Amino acid sequence: MSKPLSIHRLRSLVDPLLVQGPLHPSAYAPIFDLLTGCNLLKLGQQLHAHMALRGLEPNAFLAAKMVAMYASSGDLDSAVFLFRRVENPNQLLFNSMIRAYTRYGCSMKTIQVYCRMHRFGSNGDNFTFPFVLKCCADLSDIRMGRCVHGVSLRAGCELDMYVGTSLIDMYMKCGELCSARKLFDTTSERDASSWNALINGYMKVGDICAAESLFRRMRCKNIVSWTALVSGYTQNGLADKALSVFDEMLRAESEIKPNWVTVMSILPACAHSAALDRGRQIHDYTRRTGLDSNPLIQIALAAMYAKCGSLVDARRCFFNLKADERSSVAWNTMITAYASHGYGTEAVSAFEEMIKSGVCPDDVTFTGLLSGCSHSGLIDTGLKYFHSMKAVYSVEPKVEHYACVVDLLGRAGRLVEAKELIGRMPMKAGPSIWGALLAASRKNRNLEIAEMAARELFVLEPENSGNYVLLSNMYAEAGKWMEVDNLRATLKIQGMKKSPGGSWIEVNGKAHLFLGGDTLHPQAKEIYMLLEDLPSKIKAAGYTPDTSFALHDVSEEEKEQNLTTHSEKLAVAFGLLNTNPGVALRVTKNLRICGDCHTAIKFISKIYQREIIVRDVNRFHHFKDGFCSCRDYW
DNA sequence: ATAGGGTTAG
C-alpha cells in the first residue's frame, strides 16, 4: 500500500467535493481508496453524507470502496448497512464485505456472505478464497474448508500462492496435517508463507520437532518464521527455548529484527520463567524501536511485569496507556495482577474504575476480581460480585467463576456451603472445582471432604500426582500411616513421580535453580551454613518451626532438618549471599509455598531487612518487615 | 488483499 496522506492533504481533496453538486461515482472512488487505512472516519462519513443528501446511491463498485473504508475505520455496522443496500453486488463488493467480516473475526458471517455470493452465480476469485479459508480454519470447519478447496480449483485458483498458503493453513488448523503436507510437497512454487503456515500448524499441535526441522531447512526465513518458532515454544511451555531463539534472532546477521508480534510472543516466556531482567531488556528494546507506542505491547508488558513480581512496573505500563486505550483486556490485566499479588482491595477499586470509565467487564474480569476477593478474604464482597455478574453485567458465570467462589468460601472455612454450591452448579464440576475444594479441605483439615474431592480428581485427572501427594500429606498429618502407604503404593504402581519442588531466583540476569535438599550448587556450602545459622537467629526472634509441613513419618529433629532444605529457603539464602543489602529478592517456586518456609521467610525479611517476593503456583507473597502481603490468609 | 498477537481460577 502507498504511504497514507496527511489529514490536511486529504481534507484538501475532500472539501472541494463537498461544495459541488452530485458527480459521477468514479469521482469519489479514489478518495475512499485514500481514506481506507487512514482511520479518518469523520472525513469518510462526511463524504458519504454529502452523497446521500444529493440522492446519490453508490453503485457496487463505489460501495466496495466505501465498505473497505468503513471496515478499516472500525465501523463495521456502516459497512454492513451499505452492503445490504446494494441490489446488484459484484465480485469486488462481495470480496470487500468478506474481508470486512474476516477482519472483525465474524467467521460465520463471512461464510454466509460467501454462500450468498454463490447464489449470485459467482465462484469467487483469488481474493475471495484466502479470507473464506481463514474463516473455515478459525471455525475448524473442515467440511466447509474442503468444499471451498473444490470451488477454488474450479475457479482456476490452484496456482495462486495466496490461495495455496491459505489452504495449507486451513488444513493445518483443522488437524488434517497430512492433507496440508501433501499440498505443501506438491506445490511447485513455495514462498515463506507456506512454510510458515506449516510451522505454525505443527507448533499448534505440539509437534515441536517437525516445526524445528522445517525451520532449519528453510532458506527464505522471514520475521514471521522466526516469530512462529518463538511463539510456538512459548505456547508449548518451552520458555527457555523461546528466549534462546529470540537471542539467536538478535544475533543473526540478517536484517530480520523482532517486530511487535515477536515481542508479544516472547513476553509470556519471560513471565513464565519470571525472567524480570530479560523482560526489562525487551522493554528497552521496544523503547529503542518505538514499538512501545503500541498499546497492546504496553498491556503485554504490564502482564509480564506482574508475573515477574514487579507490580510497580506493571502499574507504570498500565498508566502509560491513554484513557481510550484502556480496553477490557488492559483492565483485566491490572485486576488479575492485583489479585495474584494479594491486593484484593485494589482489584476491587480497579474494577469499579473500569465500570465508571464505561468499559464492559467480561468473564476474565470476573475471574480476576473473584480470585482477588478470595486471596484477600473479602468474602461478602466476592459473593456480592458473583451474584451481580449476570444480573447487573450480563456476564454468564462459567465454571472458573464457580471455582473461584468455591475457593472463596472454602478458604474461609465455609466448606459445607462450598460443597452445596457445587451441587447447585448448572454445569458439570471439573478439575478446577474439585481442586479448589481439595485445597480448601487441606487448609481446614477436613479429611472427609478432602477424600470426596480427591476421589473425583483421581478420575478426572489421574495423571496429576499433586492430588495424591496432597491427600497423602493430609493422611500423614492425621497420623493415618496405612492410608499414606496405600496412596504411595498407588503412585508407584501407576509409575507416577511426585513432581520435585524447585525454586529459582534471578541474580544478575541469570536464573539459579534449586531443588529440595539440593547440594549440587557451587555455593552449596555457604548456603547451608547460612541456613544452619538461621534457626537460632529466628528462634531468638520468637519462631518455632512448624513441623506439620515436613510430612514424613520421621522423628521431630529429622523433620526440622528436612525443612531447612526446602528449595525456596535455598533460593532465598542464595539471594542473601549474592546481592547487596537492601536489594529485593524475587523467588519463584513451581509448587505451593510451604507453610514453614512462609513463616521462616517472614522472619528473614525482618532480620535481614529485605523485601522478599515469592511467586508460587497460585499467587505472590510479598514479605517485608516480618509480614506477608497475604496476611497469612492463603 | 495470505501466515504471527494481549487478559483466565486451585
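Convention: sequence-line order gives letters A, B, ...; per-chain numbering from 1. What you see is a predicted model, and the numbers here were worked out from it, not measured in a lab.
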Sorted by number, the residues of residues 156-164 of chain A with heavy-atom contact under 4.0 Å to DNA chain B: Tyr162(A)
Check every atom of dG4(B), dA3(B), dT8(B) against the side chain of Val261(A) and return the nucleotide holding the closest atom. dG4(B)
Identify which nucleotide among dT8(B), dG6(B), dG10(B) has an atom closest to any side-chain atom of Lys307(A), counting heavy atoms from C-beta outward. dT8(B)
Could you check which of dA3(B), dT2(B), dT7(B) has an atom nearest any side-chain atom of Val364(A)? dT7(B)
From the list dG10(B), dA3(B), dT8(B), which nucleotide is the closest neighbour of the side chain of Pro431(A)? dG10(B)
Closest nucleotide among dG10(B), dA3(B), dG6(B) to the Glu461(A) side chain: dG10(B)
Students often get this wrong, so: under 4.0 angstrom with heavy atoms, is Arg619(A) touching a base, only sugar-phosphate, or nothing? nothing
Just compare dA1(B), dG4(B), dG10(B) and give me whichever is closest to any side-chain atom of Leu457(A). dG10(B)
Identify which nucleotide among dG10(B), dA1(B), dA3(B) has an atom closest to any side-chain atom of Asn196(A), counting heavy atoms from C-beta outward. dA3(B)
Using a heavy-atom distance cut-off of less than 4.0 Å, which residues of residues 325-338 of chain A contact DNA chain B? Ser327(A), Val329(A), Asn332(A), Thr333(A), Thr336(A)
Determine the interplanar angle of the His149(A) and Tyr171(A) rings, folded into 0 to 90°, and report it as parallel if under 30°, tilted if 30 to 60°, perpendicular if over 60°. perpendicular
Return the nearest nucleotide to the side chain of Asn618(A); candidates are dT2(B), dT8(B), dG10(B). dG10(B)
